[in-house]
There are 2 protein chains.
Amino acid sequence: MSSLLPVSNTALDRRALKHVQVREYVRGLVSGAAPGSPAPSERELVQQFGVARMTVRQAMDALVADGLLERIPGRGTFVARPKRSASRITGYTEEMTRRGMLAESQTLLARREHAGPGVARALGLTEGDSVIHWRRLRRADGVPMCIEDAYLNEILLPGFLQGGMPTSLYDLLTSRGLRPTWVEDSVSADRATAEEASLLEIEPQGIVMRHSRRALAREKIVEVSRGVFRADRFTLWVQLGQED
Amino acid sequence: MSSLLPVSNTALDRRALKHVQVREYVRGLVSGAAPGSPAPSERELVQQFGVARMTVRQAMDALVADGLLERIPGRGTFVARPKRSASRITGYTEEMTRRGMLAESQTLLARREHAGPGVARALGLTEGDSVIHWRRLRRADGVPMCIEDAYLNEILLPGFLQGGMPTSLYDLLTSRGLRPTWVEDSVSADRATAEEASLLEIEPQGIVMRHSRRALAREKIVEVSRGVFRADRFTLWVQLGQED
DNA sequence: TAGTGGTCTAGACCACTAT
DNA sequence: TAGTGGTCTAGACCACTAG
């Protein structure tokens, strides 16, 4: 089904596990291939790599579990068409960029505070513990879009306030290995307060969407935030996927 | 680690695959067990079932992939603590019940219509195709909460309008094997129209949240809906999870 | 040291698909 | 009939953990 390569091209590297080598070899073949195109058969890979079939199956199992390959009994193994997936967990900058808008932020406040009861509970800390409070006015294509208050667990982010504030919190969290892998969001609709209306440049009592988020990375709460969005310029989109 | 059972208690049923039998046996042991408690060791199961170790590993691999078990090299296999997962895909009835409220619905309209351009595109049909249009006023604990317009692909739901309308659309879809496994939602905030305000029993121009959904089952669009929620009584909650 | 999971071998038979 | 993936065997050696 696929052209046989000389063994020298797929020679085993003694330092790596065999099933990993087979897996990564097949992943390379498959990445970029059109959905439905055939992968090498298991017995073909047994020949190429000189390993047992169970070893090849272990490699292929991983790729099938990843959704890259699809097995069809009696026919072969094929490149799977990408499955519809759930929304990626993003912050404001990434989300607006994805929508083709220019994301800008203006820091209104960035300091260490003692956690009040609400923030402490949300961050899983004790009242009075040190937290980072970062308030920004966030624009999209130059127009005010959102006022965001983020509270961060300072223990997880030492030196955060010294480092010069980044544009994207999520980029920074990613670089520290703390990109959220689970979030709980709530969204409601309300009228803006006078201060909010002024900052967002909307009419007094104008409609806003209030967004709250608790974000976890490595089973720890790294971010708690509240965002107030102009309802006339913001629609929330969410995709949800479920197995079976 | 676990008490040995007489072989007769775990005798092999010739009609079922061995790895499935081992898997379901272990699943039974594990369900309800406290996180962290040990599962039988692989070699123990080899003895009990009289199968090869690779067969036991195949069974355990499935449970590990399901997130029920966790392997710790050198120590054993243990009941994993449940991982935080994404929101379950639900309809109104299920969601309100989950929140501890009584969900009731009043059908305002249920009929076959010819799809307009918007609905046709959303359902992946051609303009003029037959669709089911179902409009309901939905209450929670007796109070109006939402006006929902659902459009359904009639080809996927033959005889739908004849069957007596159910309370829960998602229960019906589930029973027909068409429970959505992927949805795309959008949520925005707005002022109610006069008709909406009247039905929802809120002040004219009161604030509402507009929710739209496209729902897929078996790679086909089964439901397209729009809901208008009273903003004073409804907050949207979403959990999102991501691997790594 | 005994027990665990991780990896790997070299076969085997089956049901199924395509030619 | 030849090839495929699905299942299964009966061993083996390794690194690691715990008493």
Side-chain angles (χ1 to χ4, degrees), chain A residues 1-4 7 10-26 29-30 33 36-80, chain B residues 1-4 7 10-26 29-30 33 36-80:
Chain A
M1 282 180 124
S2 75
S3 63
L4 285 169
V7 173
T10 57
L12 294 185
D13 178 346
R14 295 251 176 98
R15 294 168 309 184
L17 299 177
K18 295 184 180 179
H19 78 266
V20 173
Q21 295 179 59
V22 176
R23 191 223 301 153
E24 295 311 315
Y25 168 74
V26 176
L29 285 183
V30 152
S37 49
S41 79
E42 296 178 355
R43 287 166 179 85
E44 202 172 336
L45 291 164
V46 166
Q47 290 296 314
Q48 273 188 51
F49 284 87
V51 297
R53 182 150 167 249
M54 286 304 297
T55 306
V56 168
R57 283 187 66 79
Q58 187 177 3
M60 302 296 262
D61 279 345
L63 296 173
V64 170
D66 277 4
L68 266 75
L69 294 180
E70 185 182 8
R71 289 203 250 242
I72 305 183
R75 296 225 299 133
T77 305
F78 303 87
V79 178
Chain B
M1 285 178 119
S2 74
S3 64
L4 285 170
V7 174
T10 57
L12 294 185
D13 178 345
R14 295 249 175 99
R15 295 167 309 183
L17 299 175
K18 295 185 180 179
H19 78 266
V20 172
Q21 295 180 60
V22 176
R23 191 223 301 152
E24 295 311 316
Y25 169 73
V26 176
L29 285 183
V30 152
S37 50
S41 78
E42 296 178 354
R43 286 166 179 85
E44 202 172 338
L45 291 165
V46 166
Q47 291 296 315
Q48 273 188 50
F49 284 87
V51 298
R53 183 150 167 247
M54 287 305 298
T55 305
V56 168
R57 283 186 66 78
Q58 186 177 3
M60 302 295 263
D61 279 345
L63 296 173
V64 169
D66 276 5
L68 265 76
L69 295 180
E70 185 182 9
R71 288 203 252 241
I72 304 181
R75 297 225 299 132
T77 306
F78 302 88
V79 177

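Worth saying up front: this structure is predicted, and the values here are computed from it rather than measured. Below, chain A is the first sequence line, B the second, and so on; all start at residue 1.
- Per the geometry, CZ belonging to A:R75 stands 14 Å off C1' belonging to C:dT19, to the nearest Å.
- The pairing partner recorded for D:dA10 is C:dT9, the criterion being a Watson-Crick or G-U wobble arrangement whose two distances lie under 3.5 angstrom.
- Rounded to an integer number of Å, the gap from CE of B:M54 to P of C:dA12 is 18 Å.
- Comparing B:R53 and A:R43 by the nucleotide of DNA chain C that holds the closest heavy atom to each, the one mapping nearer the 5' end is B:R53.
- Of the nucleotides present, C:dG3 is the one that pairs with D:dC16 by Watson-Crick or G-U wobble criteria, both distances under 3.5 Å.
- Between A:Q48 and A:Y25 the shortest heavy-atom distance is OE1-OH, 3.2 Å.
- When every heavy atom of A:E70 is checked against every heavy atom of A:A80, the shortest pair comes out as CB-CB, 4.0 Å.
- Both A:E42 and B:T55 lie near DNA chain D, and the one whose nearest nucleotide falls closer to the 5' end is A:E42.
- Shortest non-hydrogen contact noted between B:L69 and B:A39 is CD2-CB, 4.1 Å.
- If you take NE2 of B:H19 and C1' of D:dG5, they are 13 Å apart, rounded to a whole angstrom.
- In terms of phosphate contacts, B:T77 brings a side-chain nitrogen or oxygen within less than 4.0 Å of OP1 or OP2 of C:dG5.
- Nearest heavy atoms, A:P40 versus A:M60: O-CE, 3.8 Å.
- For D:dG3, the OP1/OP2 oxygens have no side-chain nitrogen or oxygen of A:S41 closer than 4.0 Å.
- As rounded to whole Å, 17 Å separates atom P of C:dG5 from atom CD of B:Q58.
- Checking B:R57 against B:G74, the closest nucleotide of DNA chain C that is more toward the 5' end is the one next to B:G74.
- Per the geometry, CD1 belonging to A:I72 stands 15 Å off P belonging to C:dC16, to the nearest Å.
- Heavy atoms only, all atoms of each residue included: A:V51 and A:K18 are closest at CG1-CD, 3.7 Å.
- Rounding to whole angstrom units, CG of residue B:L63 and C1' of C:dG5 are separated by 15 Å.
- Look at CD on B:E70: it is 15 Å from C1' on C:dT4, rounded to the nearest Å.
- We find that NZ of B:K18 is positioned 15 Å from P of C:dC13, with the value rounded to whole Å.
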